[in-house]
Enquirer: 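What follows is a single structure, and I will ask about it in a moment.
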Amino acid sequence: MRTMTLALAVTGLLAAPMLHAQAPADGDTKFLEFPMVTDVSASKVPAFAWLVRQGENSVLMVARGPDFRPVRLFAQADVDGQPISSVAISPDGRFVAFQTGVPFSGSGEGFNPASLIEAPKLTLWVVAAEAGAKPIKIGTGSGPDFTPDGQRMLYRQGRDLWAVDLTNPSAKPAMLVPGGGAFGQAVWAKDGKSMIFAQDRGGWSFLGRYTLGDDRVRWLVTGADRLSSPVLSPDGATVAYLRWPGSEHTVTEDLLENKTFAIETVDLASGQVRTLHQASGKAGPQLSDDPEGALRWADDRNIVFRSEQDGWARLYAIARSGGTPRALTPANCEVAESELAAPDTLFVIHNCRDIDTRQLSSITVSSGRERAIPSQDVVMGLASAVGDGRHVAFTGSNAENAPLLRVLDLKSEKLALTEKPADYGYVHRFDAPAPQVVRIKASDGGTVPAQLFLPRTPGPHPALVYVHGGPPRQMFPAFHFSGYYASDFAVNRHLAELGYVVVSVNYRSGVGYGRAFREAPERGWRGGSEYNDVLGAGRWLAERSDVDRKRVGIWGGSYGGLLTGQALARNSDVFAAGIAVHGVYDWSWPSPTPGHQNPSKVFGVGEADKPLAFRSSPLGAIDGWKSPVLLVSGDRDMNVDVLETIDLNQKLRAKGVDVRTVIIPGEAHDMIRHSSWLTLWAESRHFLQEKLGK
């Protein structure tokens with residue numbers, strides 16, 4: 001499954017009153033209304049479905065080869081807090097399933113940022129993949145998927161697995177498997193009637209097989225370890241999977257720290273288990289945005305896996321019979337995403353030609369031959385839409401345009417579809433220059449990768465350090481592939497237009513620069529070493545001739561909110577003001593809220609670690625906090641408890657610090673409603689004008 005982080009993600013919000021302005025002080029919000037693709041799905045024929053988010057609207061699109069003409073299927077506003085939030089196209093390309101609403105803590109309930117008296121539920125719909133088709137409401141549920149023949153749509157309702165017959169228009173949904181919602185990472189067997197899955201049993205897991213209609217599960221592999229990522233060989237005879245160490249009740253694990261792993265196979269006929277590869281050290285395929293890329297069959301002969309065995313996220317191939325793995329990608333760079341585009345051919349997104357951006361390649365697994373695929377984009381993402389063996393869909397962006405769909409013909413290596421913002425009626429352009437990549441000296445030595453946003457006008461200017469969340473994220477000199485960070489990028493570009501110098505810091509603990517960078521010593525609750533990168537950026541800004549050193553501020557969300565708190569508590573002499581959005585301010589405090597992600601536990605803070613964790617927190621240095629701060633949080637945040645913000649507000653108020661706090665009713669960590677982004681921007685703009693003077 002996807003790595004849990006404090007990021008405002010992957011996959012916005014409001015019913016709260018604005019404190020100061022009904023719109024941003026400059027009256028402009030167009031820069032936040034860009035269209036961007038947030039989800040893509042592929043069929044087994046040349047057809048793709050994708051989801052576009054633009055302002056308050058989410059739009060469902062589909063295109064079919066050979067011309068790949070985009071067709072708009074359905075749109076929905078997020079005013080009631082129920083945007084379209086996921087999409088899946090059937091294997092035959094005939095139907096598209098989609099979900100409205102955003103799930104609350106893994107339940108069937110949805111977030112309620114519109115403060116409706118009757119809270120919304122996650123709702124599933126199916127629509128024929130053709131112009132003019134009307135969506136059919138299936139009912140409450142989430143996680144739509146299809147049987148291999150495309151005749152049934154499967155989905156989850158609570159702990160149960162449900163299905164609806166798409167061949168019978170009058171058919172009603174029926175429960176398929178009681179408790180089948182616990183079938184994790186399920187893949188269909190060759191017969192199309194049984195599923196192979198991993199099931200988490202609470203610190204250990206089993207690999208099972210369930211045939212539709214049976215009254216029991218057949219367990220394929222059991223034991224005291226965790227199993228994940230089951231993948232079926234093309235001939236249908238063998239399942240490969242990953243084995244990880246099981247839990248220890250005396251250890252609080254850091255879920256973002258890499259671990260050792262093994263690659264094993266199980267023969268479905270005989271039940272024989274074989275270990276193909278046992279990694280040494282923390283070499284696991286630690287993933288930030290590509291869980292499906294951990295393990296896959298290239299063909300019936302070779303298995304491809306992602307590993308950090310030399311400290312960098314690389315792809316390797318190993319024979320079905322075992323042996324020594326072969327490296328498929330270079331050293332000292334990282335694979336971000338990959339997909340099997342055709343037998344023996346990988347489509348890969350990486351940073352091997354430029355570590356600060358992303359590039360495309362195709363790799364022939366059997367020979368190891370790599371071919372660079374030219375692209376005008378700077379950042380690519382969502383390389384999970386491959387179906388017919390010839391076309392791949394992904395998103396591409398640059399400094400001017402947010403991620404939109406590209407369909408690549410792998411045979412000709414030409415784009416069959418290239419979306420543009422104008423396709424969605426968007427024509428806004430920034431009048432400040434595109435950001436440039438820079439290197440900054442950290443306060444404890446070493447260099448920090450960053451992007452610098454400059455105004456067109458001469459200085460001296462006020463300035464801001466921007467710190468991202470996660471922390472396993474990498475920011476780019478272009479729109480991010482994640483909706484939250486795309487919005488942050490747009491804000492930074494607009495701040496430059498308004499006359500701020502902004503530096504966006506890729507601080508240690510992020511991805512893209514190797515495991516030693518991501519798992520830096522004394523990071524996080526262990527001492528906050530990553531803050532040295534942030535402090536270095538603040539001092540670097542203060543020394544620039546185009547910056548007014550008395551007007552250097554900082555802003556960020558989630559983990560970036562934590563680092564904003566660190567800056568203001570530890571160096572109010574450098575940072576004159578800050579905006580902290582749903583940050584963690586006390587590493588030692590575990591949230592008591594049921595179902596909460598609980599950052600203290602996620603990052604591995606054990607009982608004995610709490611004194612160090614508190615000292616490493618913003619609250620551990622709160623006596624030094626002098627600078628004013630704007631605090632923002634949604635009160636239903638299930639990543640970072642809103643009580644972190646409430647608590648900090650009280651403590652700063654008692655100290656006489658100028659603290660402004662905005663709590664948005666019903667909102668999630670990832671800001672479901674566009675109006676919440678507008679509120680955040682309006683409050684931030686007013687605060688910055690008052691405290692930094694632009």
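Remember, predicted model here, so these are calculated numbers, not experimental data. Starting from 1, each residue takes its place in the sequence as its number. Every heavy atom of this structure was used, including side-chain atoms; hydrogens, water molecules and symmetry mates were not.
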Enquirer: Testing the basics here: between D609 and V605, what is the closest heavy-atom pair and its distance to 0.1 Å?
Expert: OD2-C, 3.9 Å
Enquirer: Atom CG in D533, atom CG in D444: separation rounded to 0.5 Å?
Expert: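 Separation between the atoms: 7.0 Å.
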Enquirer: Under a plain distance cut-off of 3.5 Å, with no hydrogens placed, do S361 and H350 share a side-chain donor-acceptor pair?
Expert: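 Yes, because at least one side-chain N or O of H350 sits under 3.5 Å from a partner of the opposite role on S361.
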Enquirer: So, for W525 and F603, is the gap between ring centers shorter than 6.0 Å?
Expert: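 W525 vs F603: aromatic centres not under 6.0 Å.
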Enquirer: How far apart are the closest heavy atoms of L410 and A341, and which atoms are they?
Expert: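 Heavy atoms of L410 and A341 come nearest at CD1-CB, 3.1 Å.
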Enquirer: Are R390 and D388 within salt-bridge range, i.e. N to O under 4.0 Å?
Expert: no
Enquirer: For residues P477 and T357, determine if any side-chain heavy atom of one lies less than 4.5 Å from a side-chain heavy atom of the other.
Expert: yes
Enquirer: Indicate the ring-plane relationship of H468 and Y507, choosing parallel, tilted or perpendicular according to the 30° and 60° boundaries.
Expert: parallel
Enquirer: Any heavy-atom pair between the side chains of F489 and V491 that's under 4.5 Å?
Expert: no
Enquirer: Assess whether a salt bridge exists between R615 and E522, defined as any Lys/Arg side-chain N lying under 4.0 Å from an Asp/Glu carboxylate O.
Expert: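 Salt bridge absent between R615 and E522.
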Enquirer: Please check if the side chain of S529 supplies one atom and the backbone of P521 the other of a donor-acceptor pair under 3.5 Å.
Expert: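 Indeed, once roles are kept as given, a pair shorter than 3.5 Å links the two residues.
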Enquirer: Answer with yes or no after comparing the ring centroid distance for Y485 and F476 against a 6.0 Å cut-off, counting only values under it.
Expert: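 Distance test on ring centres: not under 6.0 Å, no.
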Enquirer: Using 4.0 Å as the upper bound for N to carboxylate O, is an ion pair formed by R406 and D377?
Expert: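 So D377 pairs with R406 through a salt bridge.
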Enquirer: Taking the side chain from Q474 and the backbone from I355, do they hold a donor-acceptor pair closer than 3.5 Å?
Expert: yes
Enquirer: Passes salt bridge (Lys or Arg N to Asp or Glu O under 4.0 Å), E339 versus R296? Steps please.
Expert: CA-CA 9 Å; E339 188 68 34; R296 62 168 53 92; 3.7 Å; yes
Enquirer: So, H669 versus Y484, ring centres under 6.0 angstrom or not?
Expert: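 No; Y484 has its ring centre 6.0 Å or more from that of H669.
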Enquirer: Apply side-chain contact (heavy atoms from CB on, under 4.5 Å) to Y466 and L495, showing your working.
Expert: CA-CA 11 Å; Y466 165 75; L495 286 168; over 6 Å; no
Enquirer: For the pair N398 (side chain) and V378 (backbone), establish whether a donor and an acceptor sit closer than 3.5 Å, ignoring hydrogens and angles.
Expert: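 Looks like no, no N/O pair under 3.5 Å.
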Enquirer: Will you find, in the side chains of S233 and D300, an N or O donor that is under 3.5 Å from an N or O acceptor?
Expert: no
Enquirer: Show the numbers, then the answer: is there a side-chain hydrogen bond (donor to acceptor under 3.5 Å, both in side chains) between S600 and N598?
Expert: CA-CA 6 Å; S600 175; N598 208 335; 5.0 Å; no
Enquirer: Output yes when E257 and R515 qualify as a salt bridge under the 4.0 Å nitrogen-oxygen rule, no when they do not.
Expert: no
Enquirer: Of all heavy-atom pairs between A319 and N302, which one has the smallest distance, and what is that distance?
Expert: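 Distance-wise, the nearest heavy atoms are CA-OD1, 3.8 Å.
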Enquirer: Testing the 3.5 Å rule here: is there a donor-acceptor pair between the side chains of E308 and N258?
Expert: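 The answer is yes; a qualifying pair exists.
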Enquirer: May I ask you to decide if F479's main-chain N or O and S397's side chain share a donor-acceptor pair within less than 3.5 Å?
Expert: yes
Enquirer: Rounded to the nearest 0.5 Å, what's the gap from OG on S617 to CG on D586? Could you check?
Expert: 5.0 Å
Enquirer: Is D39 salt-bridged to R53, cutoff N-O under 4.0 Å?
Expert: no
Enquirer: Using side-chain heavy atoms (C-beta onward) and a distance below 4.5 Å, is W50 in contact with V87?
Expert: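 No, their side chains stay 4.5 Å or more apart.
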Enquirer: Please determine whether a side-chain nitrogen of the Lys or Arg among D254 and K259 lies less than 4.0 Å from a carboxylate oxygen of the Asp or Glu.
Expert: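 Answer for the salt bridge query: no.
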Enquirer: Would you name the heavy atoms of Q566 and Y531 that are closest together and state the gap between them?
Expert: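 Looking at all heavy atoms of both residues, the shortest contact is CB-CD1, 3.9 Å.
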Enquirer: More than 12 heavy atoms of other residues, nucleotides or ligands under 6.0 Å from NZ of K282: is that the case?
Expert: yes
Enquirer: Less than 4.0 angstrom from a charged side-chain N to a carboxylate O is my criterion; do R243 and D225 meet it?
Expert: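 Looking at R243 and D225, the cut-off is met.
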Enquirer: With rounding to the nearest 0.5 angstrom, report the CD to CG distance, Q199 to L207.
Expert: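 Going from CD on Q199 over to CG on L207, the span is 10.5 Å.
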Enquirer: Rounded to the nearest 0.5 Å, what's the gap from CG on N571 to CG on L535? Could you check?
Expert: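 It is 4.5 Å, given to the nearest 0.5 Å.
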Enquirer: For the side-chain hydrogen bond (donor to acceptor under 3.5 Å, both in side chains) test, which of T265, T238, D299 pairs with R320?
Expert: T238
Enquirer: For the residue pair V386 and A42, what are the closest heavy atoms and their distance?
Expert: N-CB, 3.6 Å
Enquirer: How long is the gap from CG on L242 to CG on L295, to the nearest 0.5 Å?
Expert: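 Here the interatomic distance stands at 5.0 Å.
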Enquirer: Would you please say whether a donor-acceptor pair under 3.5 Å links the side chains of S362 and R371?
Expert: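 Yes - a donor-acceptor pair under 3.5 Å links their side chains.
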Enquirer: For G293 and R306, which heavy atoms make the closest approach, and how far apart are they?
Expert: O-CB, 3.8 Å
Enquirer: Quick test of your reading of the model: are R493 and D488 salt-bridged, counting only N-O distances below 4.0 Å?
Expert: no
Enquirer: Does E519 offer a backbone N or O that forms a donor-acceptor pair with the side chain of R508 under 3.5 Å?
Expert: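 Between the backbone of E519 and the side chain of R508 there is no qualifying donor-acceptor contact (under 3.5 Å).
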Enquirer: Quick one: pull up OH in Y513 and SG in C333 and give me the separation to the nearest 0.5 Å.
Expert: 12.5 Å
Enquirer: Taking the side chain as C-beta and beyond, is there a heavy-atom pair between W244 and S228 under 4.5 Å?
Expert: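 When only atoms from C-beta onward are counted, S228 and W244 do touch, with a gap below 4.5 Å.
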Enquirer: May I ask you to say whether R314 pairs ionically with E334, meaning some side-chain N is under 4.0 Å from a carboxylate O?
Expert: no
